[in-house]
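Naming: A, B, ... by sequence-line order, numbering from 1 per chain.
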Number of protein chains: 2
Amino acid sequence: MTSQKEPSAADDKRRLILDAAAELVSEGGYSALSIRALASRAGMSLGLLYYYFADKHAVFAALMRDQQATMVELLDSQPRDLGLRSLLLAMVEPTRRQWLQVGRLVGVWRAERPDVTVEAREQQLDSARTQFEALERALRECAAAEGRVMRAEPEIVPFVWASLMGIADLHAQGWVTPIDEDRLTDITVSAIEEHVLEPTKE
Amino acid sequence: MTSQKEPSAADDKRRLILDAAAELVSEGGYSALSIRALASRAGMSLGLLYYYFADKHAVFAALMRDQQATMVELLDSQPRDLGLRSLLLAMVEPTRRQWLQVGRLVGVWRAERPDVTVEAREQQLDSARTQFEALERALRECAAAEGRVMRAEPEIVPFVWASLMGIADLHAQGWVTPIDEDRLTDITVSAIEEHVLEPTKE
DNA sequence: ACCTGAACACCGTTCAAGT
DNA sequence: ACCTGAACACCGTTCAAGT
């Protein structure tokens with residue numbers, strides 16, 4: 001369904017491990033995701049996990065990429081003719097779900113492994129970029145359906161993302177790299193300012 | 001300086017442990033905060049840590065309350081006559097610092113210990129509430145200095161908080177309890193909506 | 001190529017034993 | 001009351017050994 005070519009036996013095995021991992025996390029949180037529990041749930045030995053995944057971090061990273069792929073599919077399949085507000089409201093719940101399932105793990109993982117390999121970091125950035133692009137498409141097309149134009153600043157999409165995550169008690173990732181931090185700050189502060197004040201009576 | 005009465009010998013010891021813990025975290029992240037490293041850094045035995053703190057979680061919780069107390073002091077000492085925007089801009093950096101130092105640990109701790117005791121949770125909520133009240137005071141007084149009135153909805157302060165955390169790559173805590181989630185969603189979505197669209201030309 | 005489980009170096013926590 | 005460190009039950013990871 002989501003695969004391009006025939007999945008190999010190794011791919012099937014990896015899938016099996018990832019499904020077991022997702023089960024464990026949703027059942028007992030991150031602390032339930034131990035290598036031993038995972039091996040037992042996936043019906044294989046301890047050592048075999050290390051044949052299919054480099055380490056625990058790799059398992060989690062794959063889990064996270066799954067989540068992001070799901071989010072991209074969801075964004076792309078969202079109707080555009082209902083406008084921007086409908087899109088945003090529809091994304092609140094899925095965003096919350098993503099945060100609950102892997103969001104807090106990102107914090108853990110980042111905290112526990114500040115020394116990720118370069119290519120692992122690269123893969124992670126790439127997956128995040130794809131998700132941002134899907135959000136950008138959805139925002140732009142929904143705005144267009146209302147006959148409006150989305151602001152061109154590249155900070156807009158991360159701003160929306162961070163706001164959605166705020167609602168979902170989210171941990172906004174550090175992924176947001178190709179960005180003018182001052183502009184992002186400025187935009188966010190302006191939004192805060194306008195929504196904190198009562199409209200002046202004049 | 002921050003204490004009301006003469007600190008006892010036990011308080012001093014606890015202070016010593018917490019300072020050592022803060023050092024370790026700032027040096028090597030959460031993974032560097034092991035009980036053994038902490039005991040060694042604080043110059044005491046393994047077992048003694050458990051005399052002064054119930055467990056590792058208690059050490060971290062105390063660390064977090066320190067950070068929040070610092071934030072409250074900072075908010076209260078912020079000048080009011082420069083208006084709301086200045087306040088917000090001034091809070092961006094301290095907020096980021098708090099997030100870097102303990103923010104990501106909250107995620108870890110919550111993930112690793114979903115079964116916190118009731119009183120521990122209560123203490124945490126209380127500390128968070130104090131911080132929110134300080135933010136509310138600062139916002140209201142800064143708005144007043146501009147001759148404006150802050151919106152009365154209780155969702156406003158958490159909205160500001162979440163936005164600041166968004167800028168700081170922050171993990172917005174689950175503390176935001178006495179709140180209408182739909183209203184919070186609505187306000188945030190409205191903010192997003194207005195800041196995503198180019199002003200119509202008419 | 002795929003798979004096993006003992007072994008290693010850790011970890012947080014407990015507790016009998018000391019002063 | 002304050003303090004110690006061996007011991008316990010874990011953990012992620014490695015690796016010689018099997019098919």
TODO: Go through Lys56(A) and Leu38(A) one step at a time and tell me if the side-chain contact (heavy atoms from CB on, under 4.5 Å) criterion holds.
DONE: CA-CA 10 Å; Lys56(A) 192 181 177 181; Leu38(A) 182 54; over 6 Å; no
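Within the 4.5 Å cutoff, the side chain of Met71(B) has no heavy atoms near those of the Leu135(B) side chain. At a threshold of 4.5 Å between non-hydrogen side-chain atoms, the residues Asp66(B) and Arg15(B) count as touching.
Between the P atoms of dC2(C) and dA17(D), the separation comes to 22 Å (whole Å).
One interatomic measurement links the two molecules: CG of Leu24(B) to P of dG12(C), which rounds to 11 Å at whole-angstrom precision. Whole-Å rounding puts the His57(B) NE2 to dT13(C) P distance at 10 Å. When the C1' atom of dA9(C) is taken as reference, atom CZ of Arg36(B) falls 11 Å away, rounded to whole Å. Computed from coordinates, the Tyr50(A) OH to dA7(C) C1' distance equals 14 Å when rounded to whole Å. Atom NZ in Lys56(A) sits roughly 8 Å away from atom C1' in dG12(D) (whole-Å rounding).
Separation of atoms CD (Gln68(B)) and OG1 (Thr130(B)) is listed at 8.0 Å; rounding is to 0.5 Å. Note: Asp11(A) CG to Tyr52(A) OH = 10.0 Å, rounded to the nearest 0.5 Å. For the atom pair Glu141(B) CD and Glu136(B) CD, the distance stands at 8.5 Å (nearest 0.5 Å).
Of the possible donor and acceptor atoms, none in the side chain of Arg41(A) sits under 3.5 Å from a partner among the backbone N and O of Ala39(A). Checking side-chain atoms of Glu146(B) against main-chain N and O of Leu84(B) turns up a donor-acceptor pair under 3.5 Å.
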Open item on the list: For DNA chain D, please output the secondary structure as dot-bracket, reading 5' to 3'. Pairs are Watson-Crick or G-U wobble, both atom distances under 3.5 Å; mark crossing pairs with [ ], other-strand partners with |, unpaired with a dot.
Closed with: ||.|||||...|||||.||
Between the protein and nucleotides 2-6 of chain D, are there any N/O to N/O pairs under 3.5 Å, and if so, what are the atom names and distances?
unit_1	atom_1	unit_2	atom_2	d
dC2(D)	OP2	Tyr51(B)	OH	2.7
dC3(D)	OP1	Lys13(B)	NZ	3.0
dC3(D)	OP2	Tyr52(B)	OH	2.5
dT4(D)	OP2	Ser45(B)	N	2.9
dT4(D)	OP2	Ser45(B)	OG	2.9
dT4(D)	O5'	Ser45(B)	OG	3.4

